[in-house]
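See below for the structure under consideration.
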There are 2 protein chains.
Amino acid sequence: MALATVESRFTPARLPGSPSGGRKPRHVSLNDPGSTPHDRRLAEVLEHAARIFWEKGYEGASMRDLARATEMSLAGLYYYFESKEELLFLIQKHTFTTIMEQLRERLAESAAPEERVRIFIRNHLEYFLSNKEAMKVLTHEDETLRNGRGAQIRAIKRQYYTICLELMEDLRRAKGLQFSGRLAVLSLFGMINWIYTWHNPRVDAGAEALAREMGDLFLHGVLHPGKRKRKSAGPRV
Amino acid sequence: MALATVESRFTPARLPGSPSGGRKPRHVSLNDPGSTPHDRRLAEVLEHAARIFWEKGYEGASMRDLARATEMSLAGLYYYFESKEELLFLIQKHTFTTIMEQLRERLAESAAPEERVRIFIRNHLEYFLSNKEAMKVLTHEDETLRNGRGAQIRAIKRQYYTICLELMEDLRRAKGLQFSGRLAVLSLFGMINWIYTWHNPRVDAGAEALAREMGDLFLHGVLHPGKRKRKSAGPRV
DNA sequence: GGACTTACCGAACGTTCGTTCGAATATCTA
DNA sequence: TAGATATTCGAACGAACGTTCGGTAAGTCC
């Protein structure tokens with residue numbers, strides 16, 4: 001149920017009036033009983049849009065593709081948002097906000113630095129593999145949005161980065177180590193974001209197993225098996 | 001000197017004759033004394049094109065942008081290649097071929113498994129940071145080319161992947177370990193390719209230092225400093 | 001039942017896109 | 001220097017693009 005939650009606005013994109021009657025913006029979901037039909041329809045449209053951007057990229061996708069997918073007219077789409085740019089913005093904002101909310105909830109469950117890093121990895125991979133279309137759009141169309149909308153997304157991204165950096169520094173302190181937090185975070189982001197270029201659900205492990213293995217790799221490297229895997233027979237006598 | 005080496009063809013894209021007079025295709029360079037003016041001009045055009053694709057993405061870039069950058073007419077560009085797709089193909093093929101050639105040379109210098117993995121990382125990062133435009137185009141426009149041209153690029157990519165996988169399996173055997181080579185390689189690719197999203201030459205380390213740190217991270221993880229960095233004062237008594 | 005809002009649509013606008021055509025100039029060779 | 005070849009160009013083509021205009025039909029409220 002990717003993109004089921006959308007922050008509704010005071011007014012629709014076109015201005016014949018307000019569909020939500022001047023209510024305050026809030027989060028609604030496809031299954032949320034408090035959501036209006038308008039909000040639910042918008043969420044559906046965004047879900048189709050995410051799939052199309054995922055397939056063809058933002059620039060390569062056309063509004064006519066979206067009209068075909070949603071079985072709406074080209075003009076009818078513009079009742080729900082004011083431009084293609086806003087469409088991308090809504091997808092990215094919703095996706096980023098949701099993965100971050102979920103992360104905060106899960107981090108509240110543990111205070112152990114190493115475990116918290118593993119929670120971060122697991123949360124990211126689980127969300128990524130459950131929402132691969134939107135997450136690819138978020139990561140691949142990183143530099144597409146400009147000006148105000150781009151700045152808003154970049155602000156959320158910075159928050160996400162900062163959370164991870166603090167996890168890393170807590171770990172470093174707790175273990176009495178020295179390493180560059182920035183480099184560790186950015187390397188980790190590379191590992192876990194790159195997944196959209198290769199993950200194949202038919203041959204690769206699921207999110208949980210991947211999170212365990214990538215966590216091991218990130219924390220111990222390939223050379224230090226820790227309590228896991230070490231070959232019984234080997235040059236080690 | 002990104003994109004200075006280009007494989008010339010028998011004939012130019014338009015067909016008023018053959019500029020290189022029926023010579024065999026071969027590699028030429030901007031500084032290569034054996035390169036024809038035609039080859040050198042094409043290399044210049046490709047370099048401009050790489051910079052434009054780097055800035056705006058393949059779909060977002062227009063042939064008119066390239067005409068402006070090269071100070072040629074729109075029509076004049078098509079003397080050197082037959083389509084925008086071929087333009088991207090030439091950039092990707094040249095870039096991939098070059099980084100792989102350089103890798104093979106460097107790998108010949110060492111037989112020690114761990115050192116060879118470090119050579120791979122260093123080569124990739126050095127080439128990436130010296131040719132960031134073309135390397136971003138190579139990684140970001142991964143799925144853009146379709147059909148025959150896409151298949152050719154994918155074939156080179158598979159070679160590159162296979163080389164790295166073999167390095168990883170040699171290392172695993174030598175150290176008597178057990179880990180998924182596929183996951184290790186793909187995680188490493190994520191780490192070292194993601195760099196184009198964050199590296200800032202004004203604040204971040206250069207290729208050599210980055211290669212050392214990322215190599216440490218990949219081999220030992222954040223928790224096992226090895227002979228490097230461990231805090232003198234710490235909870236370790 | 002009339003006024004208003006919500007949700008949508010057909011048709012078109014102006015722009016930009018990749019590509020091509022026919023011709024003109026520059027460069028080289030004999 | 002004549003002729004061929006290599007290189008470049010202005011102008012235009014048709015297609016596709018994002019967006020907008022003026023409407024219509026159905027639901028809601030007094």
Side-chain angles (χ1 to χ4, degrees), chain A residues 8-23 35-45 48-49 52-53 56-90 144-146 149, chain B residues 8-23 35-45 48-49 52-53 56-90 144-146 149:
Chain A
S8 50
R9 293 158 297 162
F10 280 99
T11 53
R14 297 287 294 277
L15 297 167
S18 163
S20 36
R23 247 183 263 107
S35 71
T36 66
H38 177 271
D39 293 335
R40 266 175 273 135
R41 188 82 175 107
L42 172 57
E44 282 174 30
V45 172
H48 279 112
I52 291 167
F53 288 160
K56 316 183 126 187
Y58 174 78
E59 304 280 1
S62 77
M63 300 302 289
R64 283 162 181 85
D65 291 332
L66 182 56
R68 205 175 306 118
T70 54
E71 293 181 297
M72 284 182 73
S73 69
L74 188 56
L77 290 173
Y78 284 82
Y79 178 72
Y80 288 98
F81 45 84
E82 66 179 32
S83 66
K84 194 185 177 189
E85 271 209 8
E86 197 199 10
L87 187 55
L88 177 60
F89 171 73
L90 290 174
T144 306
L145 288 177
R146 296 254 125 85
R149 285 192 266 254
Chain B
S8 49
R9 294 160 295 166
F10 279 99
T11 53
R14 297 288 293 276
L15 298 167
S18 164
S20 37
R23 249 184 262 107
S35 70
T36 67
H38 177 271
D39 293 335
R40 268 176 272 132
R41 188 83 176 108
L42 172 56
E44 281 174 28
V45 171
H48 279 112
I52 292 168
F53 288 160
K56 317 183 122 184
Y58 174 78
E59 304 280 1
S62 76
M63 300 302 287
R64 284 161 181 86
D65 291 331
L66 182 57
R68 205 175 307 119
T70 54
E71 293 180 297
M72 284 183 72
S73 70
L74 187 56
L77 290 173
Y78 284 84
Y79 177 71
Y80 288 98
F81 44 85
E82 69 178 32
S83 67
K84 195 185 177 189
E85 270 207 9
E86 198 201 10
L87 187 54
L88 176 60
F89 171 73
L90 290 175
T144 305
L145 287 177
R146 296 255 126 86
R149 284 192 265 255

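In what follows, chains are A, B, ... by sequence order, proteins preceding strands, each numbered from 1. Treat the numbers as computed from the prediction; the structure is a model and nothing was measured.
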Which nucleotide sits closest to the side chain of [X]: [options]?
X: Ser73(B); options: dC8(C), dT19(D), dG10(D); result: dG10(D)
X: Arg64(A); options: dT7(D), dC8(C), dT19(D); result: dT19(D)
X: Ala75(A); options: dC8(C), dC9(C), dT19(C); result: dC9(C)
X: His38(B); options: dC17(C), dT7(D), dT20(D); result: dT7(D)

Reckon [X] has a side-chain N or O less than 4.0 Å from the OP1 or OP2 of [N]?
X: Ser62(A); N: dA16(D); result: no
X: Tyr78(B); N: dT19(C); result: yes
X: Tyr79(A); N: dC8(C); result: no

After noting the C-alpha distance and the side-chain angles of Glu44(A) and Thr70(A), does the key distance pass the side chain to side chain contact (heavy atoms under 4.5 Å, CB included) rule? CA-CA 8 Å; Glu44(A) 282 174 30; Thr70(A) 54; over 6 Å; no
Gap between atom CG of Asp65(A) and atom CE of Met63(A) - 0.5 Å precision: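 Atom-to-atom, Met63(A):CE and Asp65(A):CG are 10.0 Å apart.
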Separation of [N] [atom2] from [X] [atom1] (nearest whole Å):
X: Lys56(A); N: dA16(D); atom1: NZ; atom2: P; result: 11 Å
X: Glu71(B); N: dG10(D); atom1: CD; atom2: P; result: 13 Å
X: Met63(A); N: dG14(C); atom1: CE; atom2: P; result: 21 Å
X: Arg68(B); N: dT8(D); atom1: CZ; atom2: P; result: 19 Å
X: Lys84(B); N: dA16(D); atom1: NZ; atom2: C1'; result: 13 Å
X: Glu59(B); N: dG18(D); atom1: CD; atom2: C1'; result: 15 Å
X: Phe81(A); N: dT19(D); atom1: CZ; atom2: C1'; result: 11 Å
X: Leu42(B); N: dT8(D); atom1: CG; atom2: C1'; result: 15 Å

Donor-acceptor pair, Lys84(B) side chain versus Ser62(B) backbone, under 3.5 Å? no
Is there a donor-acceptor pair under 3.5 Å between the side chain of Tyr58(A) and the backbone N or O of Glu85(A)? yes
Is there side-chain contact between Met72(B) and Tyr80(B), with at least one heavy-atom pair below 4.5 Å?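 The answer is yes, as the side chains (C-beta and beyond) meet within the 4.5 Å cut-off.
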Closest-nucleotide 5' rank along DNA chain C - winner of Tyr58(B) and Gly76(A):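 The residue closer to the strand's 5' end, by nearest nucleotide, is Gly76(A).
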Nearest nucleotide by nearest heavy atom, which residue falls closer to the 5' end of DNA chain C, Ala61(B) or Leu74(A)? Leu74(A)
